[in-house]
Each structure stands twice: as structure tokens, then as C-alpha cells.
Chemist: 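To start, I am sharing the structure in question, which I have written as C-alpha cells.
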Amino acid sequence: LNRMREMLFTLVKWEPRGKRQWIIEDGTYRATVQRVENSMLISSEQFENFEISFEFQLDTAVQAQGGVYFHYPGTGDLYEKSYKLHVANDFGVKPDLYSSGALYAITRATVNAIKQPGEWNTLLIRVQSEKVVAILNGKEVQKADLGDPKVPTKGYVCLDGGIGGITYRKVLLTELPAK
């Protein structure tokens with residue numbers, strides 16, 4: 001049963017994009033601390049309605065950040081052509097538009113539920129019918145409506161590695177039916 005469960009995490013193939021040299025081993029994807037702009041792991045398919053769950057660990061480096069871009073068309077500026085659910089080394093910081101759980105630069109998280117650097121966190125993101133819900137470490141941190149005309153309603157899902165200092169594991173991405 002454990003072997004079957006572990007195999008689930010290998011079903012979605014992630015393609016590295018950008019100049020970052022990802023460290024990929026035993027189902028983990030590590031973006032080292034140095035900054036490498038526009039570096040990501042991108043899904044092989046586009047999704048409109050989906051759920052992604054994974055564990056992540058932020059390095060003890062102060063600048064460690066990551067997150068999930070979604071509805072990315074595959075080309076163009078990530079920040080303008082997609083949404084991002086952001087995570088950062090900001091344990092104990094009051095939530096704002098750029099803190100962990102924020103829909104980056106759009107909607108702040110309701111609570112900052114990030115753990116201290118070096119600890120494993122869990123994140124579940126559900127995007128369905130122009131709505132996003134995110135649960136970080138068992139707490140709902142984001143519930144927002146989508147609808148930016150610059151962002152398509154269907155696109156790739158990307159694990160962010162631009163700033164770095166983050167390791168992803170147990171990544172499971174599944175398509176959901178339209179509501």
C-alpha cells in the first residue's frame with residue numbers, strides 16, 4: 001500500500017524551465033537558495049479546474065520563497081499572465097499581499113499558517129469555476145474569486161523556483177470537473 005501511495009506522486013511529470021539546476025531525487029524537487037529568475041517546474045498539461053497538494057520545506061535562509069503559479073499560458077511574464085499562491089519564510093509575520101498564503105499581490109492570506117524555517121509544511125490548493133481555496137497546514141488561508149482578464153481561465157501549473165530555498169515533495173496534481 002505504501003509503495004502504491006508513493007507511486008501516485010510520480011504520475012505527474014514536471015518539466016524544469018529557466019536556468020535553475022533543480023536537485024531532483026527520490027520524489028523531491030529542491031531549488032537551492034540563489035536567485036534564478038523565471039525558474040519553475042511546469043506541468044505537462046494545462047488545467048482549468050484542479051487540485052494540487054504537496055509538502056514543502058523552506059530553507060533557513062531569510063529570502064527563501066516559492067509557491068504555485070496557475071493558469072499560466074506557457075509564455076510571457078509569470079506575474080502578469082498567471083496567478084500565484086505564495087509561500088515564504090515569514091513565520092510570525094502579519095499576513096499581507098506578499099506573505100505565505102497570499103494570492104500574490106491580489107488578496108492577502110486570512111492567517112499566516114507557515115511553520116518555522118526547516119519544518120515541513122502541507123499545502124492544498126483547489127481551483128474550480130473561477131474560485132481558489134488554499135489550506136496551509138490545516139488552516140484555510142485563502143478563499144478568493146479569480147477573474148483577471150489578463151490571465152487565461154486554463155493554463156499550466158508551475159512550482160516556483162525563482163527565489164529558491166525551497167524543497168517540494170509528495171506533489172499530487174489532479175484535474176477536477178467543472179462545478
Chemist: Please report the shortest heavy-atom distance between Ala31 and Trp22, naming the atom on each side.
Modeler: CB-CZ3, 3.6 Å

Chemist: So, are Arg108 and Asp96 salt-bridged, with charged N and O less than 4.0 Å apart?
Modeler: no

Chemist: Is it the case that over 12 heavy atoms from other parts of the model lie below 6.0 angstrom from the CD atom of Gln34?
Modeler: yes

Chemist: Which atom names give the shortest non-hydrogen contact between Asn49 and Gln128, and what distance separates them?
Modeler: OD1-CA, 3.1 Å

Chemist: Just do the salt bridge (Lys or Arg N to Asp or Glu O under 4.0 Å) check on Lys150 and Glu80 with the steps written out, would you?
Modeler: CA-CA 7 Å; Lys150 295 180 288 193; Glu80 290 188 17; 5.5 Å; no

Chemist: What pair of heavy atoms forms the shortest contact from Val111 to Val141, and how long is it?
Modeler: O-CG1, 3.4 Å

Chemist: Does the pair Val132 and Lys143 meet the rule for a side chain to side chain contact (heavy atoms under 4.5 Å, CB included), with working shown?
Modeler: CA-CA 6 Å; Val132 61; Lys143 190 173 191 176; over 6 Å; no

Chemist: Please determine whether the number of non-hydrogen atoms from other residues, nucleotides or ligands lying under 6.0 Å from atom NZ of Lys115 exceeds 12.
Modeler: yes

Chemist: Backbone N or O of Ala134 within a donor-acceptor pair of the Gln142 side chain at under 3.5 Å?
Modeler: no

Chemist: Give the cluster check for Val127 versus Leu176: same hydrophobic cluster or not, with ILVMFWY residues linked at side-chain heavy-atom distances below 4.5 Å.
Modeler: no

Chemist: With side chains defined as the heavy atoms from C-beta onward, is the minimum distance between Leu172 and Lys170 less than 4.5 Å?
Modeler: no

Chemist: Counting the benzene-type ring for Trp, do Phe56 and Tyr168 have ring centres under 6.0 Å apart?
Modeler: no

Chemist: Does one hydrophobic cluster hold both Leu173 and Ile42, with members joined at side-chain heavy-atom distances below 4.5 Å?
Modeler: no

Chemist: Measuring from Tyr104:OH to Tyr69:OH, what's the distance to the nearest 0.5 Å?
Modeler: 7.0 Å

Chemist: Can you name the nearest heavy-atom pair linking Pro117 to Asp59, along with the distance?
Modeler: CB-O, 3.8 Å

Chemist: Can you tell me how far apart CD (Glu55) and CH2 (Trp120) are? Round to the nearest 0.5 Å.
Modeler: 6.5 Å

Chemist: Report yes if some heavy atom in the side chain of Glu51 is under 4.5 Å from a heavy atom in the side chain of Ile125; otherwise report no.
Modeler: no

Chemist: Is it the case that the side chains of Glu45 and Ser43 hold a donor-acceptor pair, with the cut-off being a distance below 3.5 Å and no angle test?
Modeler: no

Chemist: Less than 3.5 Å apart, any donor N or O on the side chain of Arg20 or Ser39 sitting next to an acceptor on the other?
Modeler: no

Chemist: Would you mind reporting whether Gln116 and Phe91 have side-chain heavy atoms less than 4.5 Å apart?
Modeler: yes

Chemist: Just by distance, do the side chain of His71 and the backbone of Thr153 share a donor-acceptor pair under 3.5 Å?
Modeler: yes

Chemist: Quick check on the 6.0 Å ring-centre criterion: do Phe47 and Phe70 meet it?
Modeler: no

Chemist: Run the side chain to side chain contact (heavy atoms under 4.5 Å, CB included) check on Asn121 and Gln57 step by step: do they pass?
Modeler: CA-CA 6 Å; Asn121 296 269; Gln57 182 182 58; 5.8 Å; no

Chemist: Which atoms form the tightest heavy-atom contact between Gly66 and Ile166, and what is the distance?
Modeler: CA-CD1, 3.9 Å

Chemist: Flag yes if Leu41 and Leu58 sit in one hydrophobic cluster, no otherwise; membership is Ile, Leu, Val, Met, Phe, Trp, Tyr, and two members link when side-chain heavy atoms are under 4.5 Å apart.
Modeler: yes

Chemist: Quick one: pull up OG1 in Thr107 and CG in Asp145 and give me the separation to the nearest 0.5 Å.
Modeler: 8.5 Å

Chemist: Walk me through it: do Phe50 and Ile52 pass the test side chain to side chain contact (heavy atoms under 4.5 Å, CB included)?
Modeler: CA-CA 7 Å; Phe50 67 91; Ile52 185 170; 3.9 Å; yes

Chemist: Report the C-alpha distance between Asp26 and Arg169 in whole Å, list the side-chain angles of each, state the deciding distance to 0.1 Å, and finish with yes or no for salt bridge (Lys or Arg N to Asp or Glu O under 4.0 Å).
Modeler: CA-CA 9 Å; Asp26 297 327; Arg169 72 177 183 190; over 6 Å; no

Chemist: Would you give the length of the straight line joining atom SG of Cys158 to atom CZ of Arg17, rounded to the nearest 0.5 angstrom?
Modeler: 7.5 Å

Chemist: How long is the gap from CD on Glu130 to CG on Leu146, to the nearest 0.5 Å?
Modeler: 5.5 Å

Chemist: In Å, rounded to the nearest 0.5 Å, how long is the span from CD1 of Ile106 to NE2 of His86?
Modeler: 13.0 Å

Chemist: Are Leu103 and Leu123 joined in one hydrophobic group, where the rule is that I, L, V, M, F, W and Y side chains link up if heavy atoms are under 4.5 Å apart?
Modeler: yes

Chemist: Going only through I, L, V, M, F, W and Y residues with side-chain contacts under 4.5 Å, is there a path from Tyr83 to Tyr72?
Modeler: no

Chemist: Please give me the minimum heavy-atom distance between Asn112 and Asp90, naming the atom from each residue.
Modeler: ND2-O, 2.8 Å

Chemist: Start with the C-alpha distance between Gln65 and Asn89, add both sets of side-chain angles, then the distance that settles side chain to side chain contact (heavy atoms under 4.5 Å, CB included), and finish with yes or no.
Modeler: CA-CA 6 Å; Gln65 297 179 28; Asn89 264 358; over 6 Å; no

